[in-house]
Amino acid sequence: MSAYKSDFLNVLQSRGFIHQMSDAAGLDALADKGDVTAYIGYDCTASSLHVGHLLSIMMLHWLQQSGNKPIVLMGGGTTRVGDPSGRDETRKLLTYEQIDANKESIKGTFTKLIRFGTGKTDAAMADNAEWLTALNYIEMLRDVGRHFSINRMLTMDSVKMRLEREQELSFIEFNYMILQSYDFVELSRRYGCNLQMGGSDQWGNIVNGIDLGRRMGTHQLYALTCPLLTTSSGAKMGKTAAGAVWLNADLLSNYDYWQFWRNTEDADVERFLKLFTLLPMDEIAKLAALKGQDINEAKKVLATEATALIRGREAADAASETARKTFEEGTIAGDLPTLEIPRAELDAGASVLGLFVKAGLVASNGEARRQIKGGGLRVNDAPVTDEKMNLTPKDLTSEGVVKLSMGRKKHVLLKPV
């Protein structure tokens with residue numbers, strides 16, 4: 001028997017999205033009637049969102065699928081301040097031009113999973129710069145600031161952790177939670193918004209918003225958070241040795257995005273199929289039952305389905321085929337990530353260590369040397385044994401490229417131009 005009346009909370013629970021909720025019964029009753037309007041905020045700190053953001057976007061997707069209304073809030077205003085949550089140091093302040101450029105670059109991601117429009121369940125996109133930049137400081141202190149207790153703010157994780165580690169917390173960051181709370185109030189007035197969702201690290205900020213709404217006379221507001229994802233080995237989801245796993249194709253190739261999902265640890269496959277694909281639960285159960293070598297088939301399905309959501313079905317199938325050719329046939333697939341280098345560099349003899357670093361397969365020459373000792377680096381599928389090796393035009397394959405590989409799954413083609 002279902003724990004909830006509403007499709008929304010049942011789907012979220014069965015797929016593993018729920019971490020904490022305020023007044024579950026009240027929220028369930030609203031969702032069952034299709035009366036939930038929920039928002040999630042996204043600051044514009046980079047030109048792309050990363051895999052860590054995908055979890056919350058999926059929550060907005062399932063909200064809409066269950067007959068409720070999502071709001072995507074772009075943080076054009078809050079990005080000017082910087083969220084201190086989960087950080088040891090102050091975020092670098094961006095120029096207003098950088099923030100606007102990032103905002104435009106991020107927007108397209110949402111249309112892949114959420115339908116925008118003017119209908120009852122169509123998503124809306126708002127930007128908190130619209131109201132935050134128009135605030136008068138004195139009025140803000142009188143109307144909003146007076147509802148906040150410094151004593152309570154000091155107990156918030158984002159503040160407490162920084163102070164305990166004796167890391168500086170600037171006054172501008174201290175104000176972030178006030179602005180986020182005010183966003184909730186403003187969205188409740190403008191859009192009838194009654195739910196804020198986010199990662200579990202946002203719980204304190206969201207509850208502050210509910211409290212501020214009560215003090216400022218809004219309707220009843222609710223909170224729902226999803227777990228902050230870590231892999232079974234304890235690593236933060238969406239971060240690799242090479243950096244963040246970006247959703248935008250201009251920052252991470254379709255093949256590398258597919259490969260990220262293909263490299264999922266065995267213990268995480270079922271959980272990630274539930275969270276990051278739209279596959280029905282009975283199909284996920286069949287894939288999750290695969291054991292031994294067969295679990296690799298489930299990983300390929302995960303990689304293709306997760307890639308199709310963000311990069312499109314065609315790109316996902318092409319990445320899957322590239323992987324098949326590379327691993328099963330041993331051929332060089334032309335759509336592997338490619339790095340162009342000046343032909344003169346190869347003519348003069350280019351250090352193999354430097355080229356692996358330049359290709360992003362290792363972080364430094366030192367790491368490249370360690371990989372060579374362990375047999376981890378290959379050129380054109382032959383192990384590199386000499387760290388002083390130089391690559392020259394004679395290393396070009398018949399396709400006119402040099403294939404650099406680290407381990408079995410990471411490849412880059414060097415192409416002289």
Please find the pair of heavy atoms, one from [X] and one from [Y], that lie closest to each other, and give the distance.
| X | Y | value |
| --- | --- | --- |
| Leu273 | Arg15 | O-NH1, 3.9 Å |
| Ser6 | Asp28 | OG-OD1, 2.6 Å |
| Cys226 | His19 | C-CB, 3.5 Å |
| Ser22 | Trp203 | N-CH2, 3.7 Å |
| Asn194 | Gln220 | CB-O, 3.8 Å |
| His53 | Ser56 | O-OG, 3.0 Å |

Is there a side-chain contact between [X] and [Y] (heavy atoms, below 4.5 Å)?
| X | Y | answer |
| --- | --- | --- |
| Glu186 | Met216 | no |
| Val384 | Arg378 | no |
| Leu195 | Leu27 | yes |
| Arg324 | Glu321 | yes |
| Arg80 | Leu132 | no |
| Val402 | Val379 | yes |
| Leu355 | Glu345 | yes |
| Val72 | Met74 | yes |

Aromatic ring pairing Phe276/Trp261, orientation class (parallel under 30°, perpendicular over 60°, tilted between):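 Plane angle between 30° and 60°, so tilted.
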Derivation of the ring-ring contact (aromatic ring centres under 6.0 Å, His included) call for Tyr39 and Phe184: CA-CA 8 Å; Tyr39 96 91; Phe184 203 176; 5.7 Å; yes
Are the side chain of [X] and the backbone N or O of [Y] linked by a donor-acceptor pair below 3.5 Å?
| X | Y | result |
| --- | --- | --- |
| Asn263 | Gln259 | yes |
| Asp35 | Ala31 | no |
| Lys103 | Gly75 | no |
| Asp122 | Gly119 | yes |
| Glu305 | Leu302 | no |
| Asp127 | Glu130 | no |
| Ser105 | Ala101 | no |
| Asn10 | Tyr4 | yes |
| His219 | Cys193 | yes |
| Asn248 | Asp250 | no |

What I want to check is whether the side chains of [X] and [Y] have a donor and an acceptor closer together than 3.5 Å.
| X | Y | answer |
| --- | --- | --- |
| Asn205 | Gln202 | yes |
| Asn296 | Gln293 | yes |
| Trp258 | Thr304 | yes |
| Ser405 | His411 | yes |
| Ser47 | Asn102 | no |
| Tyr182 | Asn208 | no |
| Trp62 | Asp7 | no |

Worked check of side chain to side chain donor-acceptor pair (under 3.5 Å) between Ser364 and Glu367: CA-CA 5 Å; Ser364 64; Glu367 189 191 335; 4.9 Å; no
Any chance you could measure [X], atom [atom1], to [Y], atom [atom2], to the nearest 0.5 Å?
| X | Y | atom1 | atom2 | result |
| --- | --- | --- | --- | --- |
| Leu73 | Asp183 | CG | CG | 5.0 Å |
| Thr307 | Arg311 | OG1 | CZ | 7.5 Å |
| Met58 | Phe17 | CE | CZ | 5.5 Å |
| Asp100 | Cys44 | CG | SG | 8.0 Å |
| Ile372 | Arg370 | CD1 | CZ | 11.5 Å |
| Ile71 | Gln196 | CD1 | CD | 11.0 Å |

Worked check of side chain to side chain donor-acceptor pair (under 3.5 Å) between Asp43 and Thr78: CA-CA 7 Å; Asp43 277 348; Thr78 38; 2.7 Å; yes
Derivation of the salt bridge (Lys or Arg N to Asp or Glu O under 4.0 Å) call for Lys291 and Asp266: CA-CA 9 Å; Lys291 295 286 179 275; Asp266 292 3; over 6 Å; no
Pair Tyr222-Met21, side chain to side chain contact (heavy atoms under 4.5 Å, CB included): steps then yes or no: CA-CA 8 Å; Tyr222 300 86; Met21 247 188 305; over 6 Å; no
Evaluation steps, salt bridge (Lys or Arg N to Asp or Glu O under 4.0 Å), between Lys300 and Glu297: CA-CA 5 Å; Lys300 288 176 195 171; Glu297 293 310 309; 3.3 Å; yes
Test applied, side chain to side chain contact (heavy atoms under 4.5 Å, CB included); reference residue, Phe356; option that passes from Asn365, Leu404, Leu414: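 Of all the options given, the one that passes is Leu404.
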Test applied, side chain to side chain contact (heavy atoms under 4.5 Å, CB included); reference residue, Val144; option that passes from Arg146, Met140, Arg142: Met140
From CA spacing to verdict: side chain to side chain contact (heavy atoms under 4.5 Å, CB included), Leu279, Val301: CA-CA 10 Å; Leu279 292 175; Val301 173; 3.8 Å; yes
Output field: ring centroids Phe110/Tyr42 closer than 6.0 Å: yes
Stepwise side chain to side chain contact (heavy atoms under 4.5 Å, CB included) test for Leu229 and Arg271: CA-CA 10 Å; Leu229 271 198; Arg271 187 163 55 121; 3.2 Å; yes
Worked check of side chain to side chain donor-acceptor pair (under 3.5 Å) between Thr121 and Arg115: CA-CA 9 Å; Thr121 63; Arg115 183 187 67 257; 3.1 Å; yes
Ile40 vs Leu60, side chain to side chain contact (heavy atoms under 4.5 Å, CB included): CA-CA, chis, key distance, verdict: CA-CA 8 Å; Ile40 298 175; Leu60 291 174; 3.7 Å; yes
